[in-house]
Amino acid sequence: MRPEPVSTEKRSAAGRLHGLGPVVGLVVLLIGGTLLNSDFASFDNLMNVLTRTAFIGIIAVGMCFVIISGGIDLSVGSMAALIAGCVILLMNALGERGLQPVAVVALGMGFAVLLGALFGLAHGLLITRGRIEPFIVTLGTLGIFRAYLTYFSNGGAITLDNTLSDVYSPVYYAALFGVPVPVWVFIAVAALGGLVLNRTAYGRYVQAIGSNEQVARYAAVDVDRIKVVTYMLLGVCVGIATLLYVPRLGSASPTTGLLWELEAIAAVIVGGTALKGGAGSITGTVVGAILLSVISNILNLTSIISVYLNAAVQGFVIIVVAFLQRRRR
């Protein structure tokens with residue numbers, strides 16, 4: 001006997017249940033964290049978690065577009081490090097020329113976004129025009145970006161001038177209505193990302209390319225242009241995250257942004273985006289980023305396992321979610 005086909009309604013219900021998985025997991029973690037340590041549920045700790053999430057979350061929004069389109073970017077942590085170093089060098093040079101500190105900070109922030117877009121453009125062109133796999137391109141630039149930062153810093157740290165640091169610090173440390181600035185920026189980027197993905201032709205093209213690139217070409221979609229724009233979008237997100245991160249320490253070193261690529265990819269995958277591309281959501285990505293930060297925060301506040309195993313936990317999460325996705329296909 002032939003198996004009875006699964007109805008559209010059942011498939012839709014299964015999809016909705018799968019989409020709720022990250023939310024359910026986050027709720028369980030929040031309850032568990034509260035039971036393990038009463039300080040976990042405090043407002044200050046919540047803001048600390050969300051501020052920590054903001055950097056990776058902003059990058060994850062851009063990474064979501066890339067993975068939905070069927071691509072990957074392994075270089076975002078190294079890219080952030082190099083952008084941070086270049087921004088600090090530029091701001092110090094402009095400050096020495098006598099420019100007003102506020103103008104120097106504004107120019108530095110704009111330069112961070114521009115540099116991120118240019119790095120994304122380079123990735124997109126190498127992938128589309130050079131016909132090189134995204135994995136290979138970004139694996140190469142992962143080493144290139146961090147090597148150049150190490151070269152510029154002579155293996156040490158590049159430090160922002162104290163006067164400029166004082167002017168720049170509110171970008172990270174200030175709060176609006178009790179909520180830190182990075183969290184507001186994260187909310188704005190996520191909202192805009194969701195709007196672009198779900199309400200624009202570009203967002204539909206990204207999903208179509210990830211579902212079946214050849215069919216998208218037959219449908220007259222300019223696949224190469226969409227891919228280039230997608231990698232530029234991720235670069236812009238890295239630039240935004242970096243300009244928020246620089247005033248935190250006021251310096252950049254070869255360890256800046258280390259393993260950010262793992263955290264960003266993990267957030268996207270945990271949020272329900274398919275590794276093979278074609279389907280995903282910004283909401284799920286945001287939940288995934290917060291979920292991973294909550295895991296890290298719980299490990300910091302309790303002694304369940306060593307905090308040095310944070311990256312291992314994230315790695316296990318990626319493998320488990322990928323396995324579950326494979327079983328669903």
Side-chain angles (χ1 to χ4, degrees), residues 39 42-62 76-77 79-117 119 149 152-153 156-193 235-253 255-258 260 263-264 267 286 289-290 293-294 296-297 300:
D39 292 334
S42 67
F43 180 78
D44 288 342
N45 187 60
L46 174 61
M47 290 299 102
N48 175 54
V49 170
L50 291 178
T51 302
R52 171 65 181 82
T53 304
F55 309 116
I56 300 302
I58 290 169
I59 296 173
V61 169
V76 292
M79 185 191 301
L82 181 56
I83 291 173
C86 291
V87 165
I88 292 173
L89 288 173
L90 174 68
M91 291 173 66
N92 285 342
L94 293 176
E96 290 173 358
R97 290 179 177 272
L99 270 70
Q100 290 295 320
V102 174
V104 171
V105 169
L107 288 171
M109 293 170 67
F111 182 64
V113 176
L114 175 62
L115 202 54
F119 287 152
L149 173 66
F152 292 148
S153 64
I158 303 173
T159 304
L160 186 63
D161 177 80
N162 288 333
T163 301
L164 296 174
S165 183
D166 291 340
V167 174
Y168 200 175
S169 62
V171 172
Y172 176 80
Y173 290 103
L176 182 63
F177 304 117
V179 178
V181 170
V183 178
W184 285 114
V185 177
F186 177 31
I187 293 171
V189 170
L192 184 59
V236 167
C237 288
V238 174
I240 293 172
T242 304
L243 70 85
L244 292 172
Y245 183 82
V246 167
R248 180 189 181 196
L249 300 175
S251 65
S253 71
T255 59
T256 298
L258 200 61
W260 279 15
E263 295 183 55
V286 170
I290 296 173
S293 289
V294 167
S296 177
N297 186 249
N300 287 330

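Rounding to the nearest 0.5 Å places CG of Leu258 at 9.5 Å from CD of Glu263. Atom-to-atom distance recorded for Ile83:CD1 and Leu149:CG is 11.0 Å, nearest 0.5 angstrom. Rounding to the nearest 0.5 Å places CG of Leu82 at 9.5 Å from OG1 of Thr242. Note that the CZ atom of Arg248 and the CZ atom of Arg52 stand 7.0 Å from one another [nearest 0.5 Å]. Going from atom CG of Leu114 over to atom CG of Leu107 covers 11.5 Å, rounded to the nearest 0.5 Å. Atoms CG and OH, from Leu160 and Tyr168 in turn, are 8.5 Å apart once rounded to the nearest 0.5 Å.
Partners of Thr256 under the side-chain hydrogen bond (donor to acceptor under 3.5 Å, both in side chains) rule, at least two apart in sequence or in another chain, do not exist in this structure. By the side chain to side chain contact (heavy atoms under 4.5 Å, CB included) test, Asn45 pairs with Phe40, Ser42, Asn48, Val49, Asn297, Leu301, sequence neighbours left out. Applying the side chain to side chain contact (heavy atoms under 4.5 Å, CB included) rule to Pro101 yields the partners Thr163, Leu164, Val167; only residues at least two apart in sequence or on another chain are considered.
Nearest heavy atom pair, residue Pro180 against residue Met47, reads CD-SD, 3.5 Å. Ser169 approaches Pro247 most closely through the heavy-atom pair CA-CB, 3.9 Å. Listed here is the closest heavy atom pair of Ala190 and Val61: CA-CG2, 4.1 Å. The nearest pair of heavy atoms linking Ile158 to Ser153 is CG1-CB, 3.5 Å. Minimum heavy-atom separation, Cys86 to Leu115: CB-CD2, 3.7 Å. Residues Pro170 and Val181 come closest through the heavy atom pair O-CG2, 4.0 Å.
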What do the steps show when you test Ile88 against Thr159 for side chain to side chain contact (heavy atoms under 4.5 Å, CB included), and what is the final call? CA-CA 7 Å; Ile88 292 173; Thr159 304; 5.9 Å; no
Stepwise side chain to side chain contact (heavy atoms under 4.5 Å, CB included) check, Trp260 with Val238: CA-CA 10 Å; Trp260 279 15; Val238 174; over 6 Å; no
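Using a 4.5 Å heavy-atom cutoff, the side chains of Leu244 and Ile58 are in contact. Under the 4.5 Å side-chain criterion, counting only non-hydrogen atoms from C-beta, Leu243 is not in contact with Val87.
Without hydrogens or angle criteria, Trp184 side chain to Leu176 main chain gives a donor-acceptor distance under 3.5 Å. Between the side chain of Asn92 and the backbone N or O of Asp161 there is at least one donor-acceptor pair closer than 3.5 Å.
Below 30°, between 30° and 60°, or above 60°: for Phe55 and Tyr172 the angle between ring planes is below 30°, a parallel geometry.
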